[in-house]
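Quick note: numbers below take in every heavy atom, side chains included, and nothing from hydrogens, waters or symmetry partners.
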2 protein chains.
Amino acid sequence: MAKRQSHPETGMAPKAEQILQGAIEEFLAHGFAATSMDRVAKTAGVSKATLYNHFGDKESLFSALTEYLGEKRILDFVIEEPEDPAIFLKTWATAIFNQILNDPELLCFLRLIIGESGRFPELAQAFIRNVVKVGINRLTKSLESYPQLRLADAEVTARVIMGALLHYLLIQEIMHGEEIMPMERDRYIEGLVKLVITD
Amino acid sequence: MAKRQSHPETGMAPKAEQILQGAIEEFLAHGFAATSMDRVAKTAGVSKATLYNHFGDKESLFSALTEYLGEKRILDFVIEEPEDPAIFLKTWATAIFNQILNDPELLCFLRLIIGESGRFPELAQAFIRNVVKVGINRLTKSLESYPQLRLADAEVTARVIMGALLHYLLIQEIMHGEEIMPMERDRYIEGLVKLVITD
DNA sequence: GTCTATATATAGATAGAC
DNA sequence: GTCTATCTATATATAGAC
């Protein structure tokens, strides 16, 4: 019987997983350039040589990390689609807000991937392909399943809704604007739903 | 008669202005941590000592830079408000899109201020106070001047519209998603306007 | 595979001449 | 005020023992 050498879910060697966890903590907190490999090694509890042995260099480690986090956090929300589109929208928005706002790691990941999109355009594009596009396509399909909404352009509507979500997260949470431009979550969701529901 | 020692508009010493221009180029391209003071000095065409003489340290230089850029780029658009709100919205959105999309420096500034909002929360907050909040307040006022829109919540509507704008800029331009999720600007504006205009 | 110790480059910041 | 030259710390990355 062989010894277990890889994680049953991620298929990763235990040491690699351990390194990645340390790397996530450091990179999410400080960004790419301000994170040193010394600190990653220390946080992960391994030596620097081990770190370099598993991931060739700093950029490769960072790529592996964003890939890992991008795959875990899919915005591909599947919720029931009740008859009333207003209820659907409110339920959907509330669920996705709660999920993201209770996941500070995801908020930091968003900041990171945006902030590094100049140096690492391919990573930002992977995020768009695997997360943003999937989520918007799913929402577009859902919107299209409600013909009574009489939407002129479902995809644009889906993008606007995602944009509203993003705006809230970016201003209130990521950029620390809560006290400067306070806005209650329920009021925001309510207003957004009413904007989409034309009656 | 005294020699002219400061810029007539910014009130800055010529050398300080020169340094700032070099700093803008470097910081916008590489972010805070990845930008070295050596490179800033070289790009600005001064020695490192001169640089430190004008701006005490790297963080102070960065703060001065974000303040400078934040004051120049106010999203406080004042356009005429025609009778038809649909025309107003379309004109407003088109103008602001054109302004921002033709200003790559502003796009990089957005990326920068978001990316560094972890290390420099106060700078992000200053940006929100001086740029985002002002712009949203102005738009809210404009929306309120059209009672025929019968908006349930003008401020939320203004935020959603700004969010739609931001989403487009972020996905298409800043994160290089143009080829992955193509979307024509006019189609997007059209759809956004139709969403707000309930008829 | 994992460690300690180290090589080499470059960072932020300053001293001292002019 | 501005420069050249330099200090000190720390960065990425690797060599070599085990």
**Message:** Angle between ring planes, B:Tyr168 versus B:Tyr188, binned at 30° and 60°: parallel, tilted or perpendicular?
**Reply:**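 Ring orientation of B:Tyr168 relative to B:Tyr188: tilted.
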Next on the checklist: In terms of relative ring orientation, are B:Phe32 and B:Phe120 parallel, tilted or perpendicular, with 30° and 60° separating the classes?
Outcome noted: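 Perpendicular, since the angle between the ring planes exceeds 60°.
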Once you round it to whole Å, what is the distance between [atom2] of [N] and [atom1] of [X]?
{"X": "A:Phe62", "N": "D:dT12", "atom1": "CZ", "atom2": "P", "value": "13 Å"}
{"X": "B:Lys42", "N": "D:dT4", "atom1": "NZ", "atom2": "P", "value": "12 Å"}
{"X": "A:His30", "N": "D:dA11", "atom1": "NE2", "atom2": "P", "value": "11 Å"}

Reading nucleotides 11-18 of chain C from 5' to 3' and marking B where a protein heavy atom lies under 4.0 Å of the base, S where only the sugar-phosphate is that close, and - otherwise, the string is SBBBB---
Rounded distance (nearest 0.5 Å) linking atom CD1 of B:Ile114 with atom CG of A:Leu170 |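 With rounding to 0.5 Å, CD1 (B:Ile114) is 4.5 Å from CG (A:Leu170).
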**Message:** Let's see if you can work this out: which of D:dT4, C:dT2, D:dG1 has an atom nearest to the side-chain heavy atoms of A:Asn53?
**Reply:**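 Closest nucleotide to the A:Asn53 side chain: C:dT2.
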inquiry  = Counting C-beta onward and ignoring hydrogens, is there a side-chain heavy-atom pair between B:Ser142 and B:Phe88 closer than 4.5 Å?
reply    =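 They are in contact (side-chain heavy atoms under 4.5 Å apart), so the answer is yes.
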Within the 3.5 Å criterion, strictly below it, is a donor on [X] or [Y] matched to an acceptor on the partner's side chain?
{"X": "A:Asp57", "Y": "A:Ser60", "answer": "yes"}
{"X": "B:Glu26", "Y": "B:Thr43", "answer": "yes"}
{"X": "A:Thr198", "Y": "A:Arg150", "answer": "no"}

Fill in: Side-chain (A:Asp103) to main-chain (A:Gln99) donor-acceptor, under 3.5 angstrom
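It does not hold such a pair.
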Runs of at least three consecutive Watson-Crick or G-U pairs, both distances under 3.5 Å, are what I'm after; which ones involve DNA chain C?
->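 For DNA chain C the paired stretches long enough to count as stems (3 pairs minimum) are C:1-18 with D:1-18.
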